[in-house]
Amino acid sequence: MNPEVPTVELVGVSLTYAGPPVVAALHDVDLRLRRNEYVAVVGPSGSGKSTLLNILGLLDRPTGGTFRLSGIDVSTLPEADRAALRGERIGFVFQSFHLLEHRTAVENLLVATLYRPTKVGRADRVARAEQVLTRVGMRERMYARPAQLSGGERQRVAIARALMNAPDLLLCDEPTGNLDSVNAAKVLALIDEVHQAGQTVVVITHDPVVAARAERRIAITDGSVTESG
Amino acid sequence: MNRSRISARDLVDECVAALVVRPGRTCLTALGVVLGIGTFVSVVGLAATASGQIGERFDVLAATTVLASDGREDLGERFPIPPDADARARSLNGVRAAGSLWTVRQPGLGLEGAPTTDQPVTLDLMAVSAGAWEALQPRVVEGRTYDEVADAAGLHVAVLGSSAAVRLGISTLETRPAITIDDVPFTVVGVVDDVVRSPEVLLAVSIPRGTAEAIWGQPQPNAAATEVVSTDPGAATQVADELPYALSPEAPGSLRVTPPPDPRTLRDSVAGDLNTLFVVLALVCLLVGAVGIANTTLVAVLERTSEIGLRRALGATPHQVATQVMVESATLGGLGGLVGTSVGVVVVVTVSTVREWTAVMSPLLTFGAPGVGVLIGTLAGLYPALRAARIEPSQALRQ
C-alpha cells in the first residue's frame with residue numbers, strides 16, 4: 001500500500017438519525033489520519049465520539065460527506081463489501097471486551113478469521129493466533145476461557161483478536177474503561193507497542209491519562225470536531 | 001472487491017459450538033421434534049404393520065369362505081336351503097367343499113349326557129351335513145366326524161363341540177358315550193375344536209342333516225340355515241356371485257350371500273383410518289415442535305445480540321448471520337428428526353415383537369423422516385434468522 005495514502009480521510013462527514021426525533025449526531029467532520037498515527041478522540045458523553053468510531057469502523061454509514069479508508073471510498077459501497085473491508089482492514093477493541101464466553105482465548109481469535117474473503121487453512125490460522133497471543137503476552141493462557149481470565153488479560157485477548165487480520169486501522173473504544181489502574185497501564189503499554197510496530201490506532205476515551213499517550217488528540221463537542229492537534 | 005465468505009466446515013463448527021453451549025436447552029428444544037417425528041414414524045409404521053397382519057390373517061381363511069343364508073329378512077322373503085344344496089354348490093368351479101347347517105329349534109328339546117350327567121343340559125342342536133365338516137375344517141380333538149353315508153342313512157350319531165362336551169361331562173370317547181335328545185339316543189363319535197368358519201358349532205351338538213330332517217323335519221324359519229362354502233384362493237368372489245343361482249335359480253335374490261371382503265380394501269381402510277387419525281396427531285406434535293424451535297431460536301438470537309454485533313464487526317454480513325441461525329435451527333430439527341425416527345422404529349419393533357407381528361416399515365419413511373426434521377427446523381428458523389439479520393451492529397455492541 002502506498003504509505004502516502006492516508007488510512008482515514010473524512011471530508012464533510014455527517015450522520016443524522018431520521019428519528020423521530022431527528023438527531024444530528026455528527027456534522028461536517030473533516031479528519032485525516034496518516035498511516036501509523038496514534039490518535040485519541042476525546043469529548044464528553046453524548047458528544048459523538050462513539051458515532052465517529054462507528055463510522056470509522058464501517059458499522060454506521062454517514063448520511064453526508066465522503067469517507068475513504070486506505071484510499072477506498074467506502075461511503076457508497078454495498079453492505080457486503082463494507083463487511084469484507086471491516087473484517088480485513090479494521091480491528092475493534094471494546095470497553096466490555098466482547099469475548100465469546102464459551103470459547104477459549106485461541107478460539108476467540110479464530111472467530112476473527114471466519115469471514116475473511118481470503119481463506120486460510122485452520123492449522124495456519126491457529127498458528128497465527130498463537131503468534132498474536134504470544135505478542136500480547138497471552139500465549140500461556142491460550143486455552144483459558146474468558147471467565148478464567150482477569151480483566152486485563154481479557155482485554156489483551158481482545159486486542160490480539162483485533163490484530164489477527166493485520167488491520168489497517170485499530171479502533172479502541174474506551175479500552176481501559178473496565179480495568180483497574182494496574183491492568184489499564186498494562187493495556188495502554190500494549191497499545192503503545194502495537195502503535196510502535198506500525199499500526200494506525202484510534203482510541204476513543206474521556207480519560208485524559210489515556211488521551212495523553214496518543215500523538216494527536218481530537219476533541220468532539222456536540223457532533224463537531226472542535227479541536228485537533 | 002472480494003466479499004466475506006464463511007466455509008461450510010466453519011459454519012457447521014460454529015453451529016455445533018452454539019448448540020453444545022447449552023445442552024439442556026438444545027435437548028428440550030429438539031424434544032418437540034422428537035415427539036412429532038417419533039409419533040409420525042410410529043403411527044405410519046404401526047399402521048403398515050397392522051394392515052399387514054390383517055392381510056395375512058385375511059388371506060388364510062376369510063378370502064376362501066362364502067356363506068349363503070336361507071333368506072333375506074329385509075325383503076320379507078325366505079327360501080330354505082334345498083336338500084341337494086351341497087351338491088349344487090360343489091358343482092361350481094373353484095369350490096373345494098360345501099355343506100349346510102342350521103339350528104334345530106324345537107320347544108322343550110332336552111339333552112342329557114350319559115353316564116356322568118343325569119340332568120338335562122341346554123345346548124344348541126345343529127343339523128350339519130357331512131359336506132359341511134369338510135368346509136368347516138374343524139380340528140378333531142377326538143374320534144371323527146361323520147360321513148355322507150351316515151348323513152344319507154339318518155344314523156343317530158353326534159359330534160360335539162369341545163365346549164359342549166365339557167358341558168355334557170364327556171371327557172373321553174373311549175367309553176363310547178351316548179347322549180339322549182328328546183329321549184332319542186345318539187352315539188357321540190367325535191369332539192371338534194377350532195371351527196373358525198362357524199364358531200357356534202363349538203357350543204352345540206351336531207347331528208347329520210338327514211337324521212335331523214327325519215326326526216324334526218325341514219329347518220324352521222328361525223333356524224338360520226346356512227350353506228358354508230370353502231373355495232380355492234381367489235375364487236371366492238366369483239363363487240359368491242354364482243352361488244345364489246346355483247342354490248335358488250328361480251329366486252336368487254332370496255338368498256343372502258356373504259362374500260369375503262376385498263383384502264386390499266380392508267387393508268387400506270384400516271390403514272387409512274389409523275393414518276388419518278394419528279398422522280393428524282403427529283402433525284400437531286410437529287407443529288408444536290416447530291413453534292418450540294422457533295421460540296427458542298428467537299430467544300437465543302435476542303440473548304446473543306451482542307455476539308451477533310461482534311460477528312458483524314468481524315466481517316459477517318447480515319446474510320451470513322441469518323444463515324448461521326438457520327443452520328443452527330435446521331441442525332436442531334435434524335437431530336430431533338434423527339432421534340424421533342429412532343424412537344419411532346423402536347416403538348414399531350417393540351409393539352410388533354410383543355404382538356408377534358412382522359414389523360413393516362417403508363425405507364422412505366425411516367430415511368426420509370430425519371429430512372422432515374431438518375425441513376421443520378429450517379422453517380422454524382426463518383423468522384429468528386430474519387430478526388438476527390436486521391440487528392444493527394453498532395447498537396448490538398452497546399449491550
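In what follows, chains carry the letters A, B, and so on, assigned in the order in which the sequence lines appear, proteins first and then strands, with residues in each chain numbered from 1. Basis for what follows: all heavy atoms, side chains included, without hydrogens, waters or symmetry-related copies.
Considering only heavy atoms from C-beta on, B:Leu382 comes within 4.5 Å of B:Met326 through its side chain.
Other residues, nucleotides and ligands place no more than 12 heavy atoms under 6.0 Å from the CG atom of A:Asp222. Under a cut-off of 6.0 angstrom, the local environment of NE2 in A:His27 is crowded, with over 12 non-hydrogen atoms contributed by other residues, nucleotides or ligands.
Between chain A and the residues B:Ala313, B:Pro393, B:Pro318, the most heavy-atom pairs under 4.5 angstrom are made by B:Ala313.
Formation of a donor-acceptor pair under 3.5 Å by the A:Asp73 side chain with backbone atoms of A:Ser75 is found in this model. Proximity of a side-chain donor or acceptor of A:Arg68 to a complementary backbone N or O of A:Val74 within less than 3.5 Å is not detected.
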* What do the steps show when you test B:Gln324 against B:Arg311 for side-chain contact (heavy atoms from CB on, under 4.5 Å), and what is the final call? -> CA-CA 11 Å; B:Gln324 182 172 340; B:Arg311 289 179 184 274; 3.7 Å; yes

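Residue-level contacts of residues 8-36 of chain B with chain A, in order of numbering, are B:Arg9, B:Asp10, B:Glu14, B:Ala17, B:Val21; threshold 4.5 Å between heavy atoms. Contact residues of residues 101-116 of chain A toward chain B are A:His102, A:Arg103, A:Val111, A:Ala112, A:Leu114, A:Tyr115, A:Arg116 (heavy-atom distance under 4.5 Å).
A donor-acceptor contact closer than 3.5 angstrom links the side chains of A:Asp168 and A:Ser70.
Interface residue B:Ile6: backbone and side-chain heavy atoms are both found under 4.5 Å from chain A.
The aromatic rings of A:Phe92 and A:Phe94 sit parallel to each other, their planes meeting at less than 30°, with 60° as the upper class boundary.
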